Structure formats: C-alpha cells, structure tokens
Amino acid sequence: MTDTNSYEDVVKTRRDEKFAEFHQTNRGFGNRIQNALHSTPSMVPLIVLLSAVIVFGFVLGSKFFSPFAMTLILQQVQIVGVLAAAQSLVILTAGIDLSVGALAVLCSVIMGQFTFRYGIPPFLAVAAGLAFGTAVGAMNGWLVSRVKLPPFIVTLGMWQIVLAANYLYSANETIRAQDIEEQAPFLQFLGAKFQFGGATFTLGVILMIVLVLVLAYALRSTAWGRHVYAVGDDPEAAGLSGVNVHGTLMSVYMLVGFICGLAGWVMIGRYGSVSPSATTGVIGNIQSITAVVIGGISLFGGRGSILGSFFGALIVGVFELGLRMAGADPQWTYLLIGVLIIGAVTVDQWIRKVTA
Amino acid sequence: MTSEPILKARGLNKRYGKVTALDNCDFDLMPGEILAVIGDNGAGKSTLIKALSGAVIPDSGDISLDGRSVSFASPNDARSHGIETVYQTLAMSPALSIADNMFMGREIRAQGMMGSLFRKLDRKAMEDFSRQKLADLGLMTIQNINQPVETLSGGQRQGVAVARAAAFGSKVIILDEPTAALGVKESRRVLELILDVRARGIPIILISHNMPHVFEVADRIHVHRLGRRLCVVDPKQHTMADAVALMTGAKEPTPEEMAA
C-alpha cells in the first residue's frame, strides 16, 4: 500500500564507488602543519621551549647554556611543575582548580605541624598530609560532580577556605629549616641533591618528571585516561556511551588533591622550612594555570596533553632565569608570559579549525 | 501473536515536574522484527527510548527482556544486557579517535602484565576491530582509524555510531533518527544496514520522522501519542497518510488497530 515516489531508486543499486574518502591532496604547507599540531598538541610548547633555550643560549652563551643553569631551571619550576600536572588533569575535564596552591601549602603545614606539634613520625605525617590533600580533592570533586556546582566557584571558595585554615591552624608560625634538618630530615627528603656531571638534580625534580611521565602514560594508554578526555569533551555523550562520569570526575579531583599534597612535600624539600605564608598559596593557582595554557591544553576541556603543561612550566622557568641572567627588569618576564598566554590560545583556536 | 516479545514494557510512567513524558506507556518488540516508533514532537518517543536504553529511569512500570524482568540503572546496564542505542546526538567524543569512540566504556586491555598491572589498552586489537566493522558496514572507507571524530562529516559520524551499535548489540538495537542527518545515498546505506542486522536475527527499534523510510523497512509501526502507545499499525495495510493522521490526532484508531 505504500505509494512511495521512487526518487531513491537510483541509489538503491550500489555502484562500485568510494564513499567519503579522506582526500589527502590539495594540502598547503600551513594546512599540513595545522594537522600535525592537531594530532600532537604538545608540539607547539616544545618548539617554543627549544627556541627560547636556543635564543637565550646564543645571547648569554655558556653562562646560560650549561648543565648547571639547565638543571637550575628544573629546580626552580619543580613546585609549579607538579601543580601544573594536577591542574592539567582538572582542565582536561573542562574544570579548573583555583585551590591547588593553597592546598599544597596547607598540606606542607600539616606535614610539619603533625611532626613538631604532635610528635608523629615524619613518615606518617607526610602520609597524613597526602591523605588530607586527597580528602579536600574529594570534597571539590563531590561538589562539582554531585551538587553540580561550577568548578570555578567551588575551588574559588575552597581556595579561601584552605588558605584561611592554613593560617588559623599554623598560627602563622614557620618551622625553621635547621629544626627540620635536625629532628625530621625525612620531611626534606625531596630536597636531596645529587650531582651528575655539572648538573644538579633533586629528588623533587625527579618526582616531577616521573609524575608527568606516569600521568602522560595513564592519559594516553589506559581506559581511565580516555574517559578523562571524553568527560571533558562532552560529559553527556560520555555518559551515554558508557563512561562513569561521576567516578571519573571524583578520581580526577582526588588525584589532584593527592598531587597537591606531593607539591607540599616538594615545597619542604625546596625551601627547607615549612612556611604557611609561602607565596605558592596565593599565586600557585595562577602559575599552574599559566603553565597549562601555555602548554596548549584547552580550557574548554578534552584537548591537549600533559607533556605540553610540563613544557609550559619550563618555558616560564627559562624566561625567568634567562631574563634575570641578562639583567632585565623582572617585569619583562611577566610581560612576555602574558604575550605567550594570548599566543598559545590563538594557536589553540587555529588548530581547532582543522578539517579533513 | 505467536511468540513472546523479546523486549516488553508495561505501564511506564515518567514525569518531569509538571510535564508527563510517559503516561502508563506499553511497548512490545517481537524477536527478529523492525519496529518503527513514530510520533509528533514532544509525544515522548525519546523518553520511551531512553527508558528502554537505561538513560532514563522510569518512575514506575516494568521492563522485561526475554521474559525476565530487568531494571536499568545506567546505559551500561542496558548494554551489558545486549541493548545498544544510537542516540540522535550520536553520543561521541569529537576530539577522540574513531577507535576510541567505538570502544568507549568497554576498552580492551592488553594481554599479560602490561594489561593487568599497568592497565595498558590493546590499541591494535581495538583498531583492527573498528576497521573491520566499518568495512563490514560499507558506509565509508576509512583510511585512518585514529582520525578524531570531529574531522568526519555528519554522515560519517552517523556511520561510526551505527557501526558501534551493530558491532556490540546482541539482543536489541535502538536507532534514534539514524537517517536525519544523512544525504540520500548515505541514508540508503543505513537502511541496508538495518535490513542486514535484522537478517542476522537481531530486532531493531527505529525512531524516525521519515515516513518513506519507515514504511520501507518496518514490520510494524508503533504510533506514540501524548506519552503512550496509541496503536500499532501494519505498514502493509495502511498508508503514510493514515499513519500521520493517527500520530497527529486527526484520526482515531479503529478497535482492531488498538488491538494490533
């Protein structure tokens, strides 16, 4: 009884033809670069990093281009590098965490105060600091995932809460480096240095590098990592295609809290002392977001790689040390970093327009 | 009716605040058939489909699969029972590759230590499987299975979504407007695929506004109106005009249509 007009008959017999092939021809040079960057998003910051090192190396000579200076940069960026690794995870899920720096400081204070105020063995105090960081991360995650509050608001509030709790709990007392060295050297464990030729590494630097590599592996090659990207890309689609969105978000925020705890431990190693008024508490969040953005991770989530953030942190470190060695006003560093941020986002927008 | 329905729902209700999306709705899918679901916008088709695929949990009512009562708390629940759905939005992550999307939520882990301890994915197995399924589908020739989905055209994305459902659906496949975004030629491939899947013995629920497509492939047509099943009609005994009249309320169903 169907009285269909037979307009579709011509396509009912399948002719031998190819459908929807991806033509690789007619590609300009710019287009090919665009595609390459689309598939490897960490290439842009890597190129910027290498160029910056080469330019400073030319201008400053062996003073800058030496194993000592190169590893000094690593030591200077270790705290921001660890925080940027954490920030990358949140930003990949299309969130943001403004509380990372403050949380790192509070975790370091807990490690110090638990040892010195309550006489808990340093090993357990460090574990308590890491556990506390994870718990605060879980709170952030729960508010974002279950109560459905915007991550910016949740972590803006948490930043203030954690920072205030930090001053209240510590009574704004610094634990001096020599006290820690004498009574609880384990707290400074990540500050342990070792020489390698002219290069100086600390365990904190090694921890940063291992952390970035482990996270890069997990994000690229495990189901969990794919889920993090899918949730950041489109949480609804991810849920419909079988991803446990709540579980993924919780795991990310808890892991971020844990990494902030690690950053707190790295801070003790780096500074020797435990100081509740460390600047990381106030600017750590902005520093880590800067590294992530320069590293090419999209603030809209789902795009970018954690290696990029690491390169982003190193770029900032190279600029800071290079300009300082060149005797420039430190404001030039901030000016150039501002330019880099805008440039990075511009490149990100351009890459997204890629079409096959 | 000679056989029992493979997927059956009785008295489903779902309310969103003051809006009743499902009003004591019944549903039957017979083994090996293509059942089309038609209805006006806002009739509650999507909610019905989501209830059957686990994306919406009905306030009350029973769903049974193969005669056994089931309740789906999530899309993954429904999937583990062999019900696969292609949503209208396709539910794909644009920045991830075709292979990643095919296996989202059911990734294959590598053999041995790398898989069990380090949770490494077996990319090659997933890529080969995806390539094979897309080739079976004949909807497109994919050169690079690692291409992000966002670089595909609308029709190609639809093809990937349908391939994903066809590859994993063992009991029921639900297609929500599978040809809405496609050109004439690509629609044709999807319709052929639907007939292919039925030939493999898997029943299909097809939601579509395209009457010629519905009348061409469907065995029975479920007419949805005002949150419930109005009637089920046989496309061989009704015209498209009848179906449209029923679903818009211009015509009341006759008693035997109600019984069908």
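Note: hydrogens, waters and symmetry copies are ignored here, and every other heavy atom, side chains too, is used. Just so we're on the same page: letters track the sequence lines, and every chain starts at 1. Fair warning: this is a prediction, and the values are worked out from it, not measured in the lab.
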(request) Please name the pair of heavy atoms, one in B:Ala55 and one in A:Leu240, separated by the smallest distance, quoted to 0.1 Å. (result) CB-CD2, 3.7 Å
(message) Quick check on B:Met92 against chain A: is it the side chain, the backbone, both or neither that has a heavy atom closer than 4.5 Å?
(response) backbone
(message) Between B:Tyr87 and A:Ser241 (side chain of the first, backbone of the second, donor and acceptor by atom type, cut-off under 3.5 Å), is there such a pair?
(response) no
(message) What part of B:Arg79 gets within 4.5 angstrom of chain A, counting heavy atoms only: side chain, backbone, both, or neither?
(response) side chain
(message) Are the side chains of A:Thr222 and B:Lys120 in contact, using a 4.5 Å heavy-atom criterion?
(response) no
(request) Please flag which part of B:Phe118 lies under 4.5 Å from any non-hydrogen atom of chain A: side chain, backbone, both or neither. (result) both
(request) State, to 0.1 Å, how close A:Arg226 and B:Glu107 come at their nearest heavy-atom pair, and which atoms those are. (result) CB-OE2, 4.5 Å
(request) Select one option (side chain, backbone, both, neither) describing which atoms of B:Arg164 are under 4.5 Å from chain A's heavy atoms. (result) side chain
(message) Give me the atom names and distance for the closest heavy-atom approach of B:Ala95 to A:Gly302.
(response) CB-O, 3.7 Å
(message) Please check: side-chain N/O of A:Asp234 versus main-chain N/O of B:Ser93, any donor-acceptor pairing under 3.5 Å?
(response) no
(request) Would you mind checking which part of A:Arg303 comes under 4.5 Å of any heavy atom in chain B, side chain (CB onward), backbone (N, CA, C, O), both or neither? (result) side chain
(request) Select one option (side chain, backbone, both, neither) describing which atoms of B:Arg123 are under 4.5 Å from chain A's heavy atoms. (result) side chain
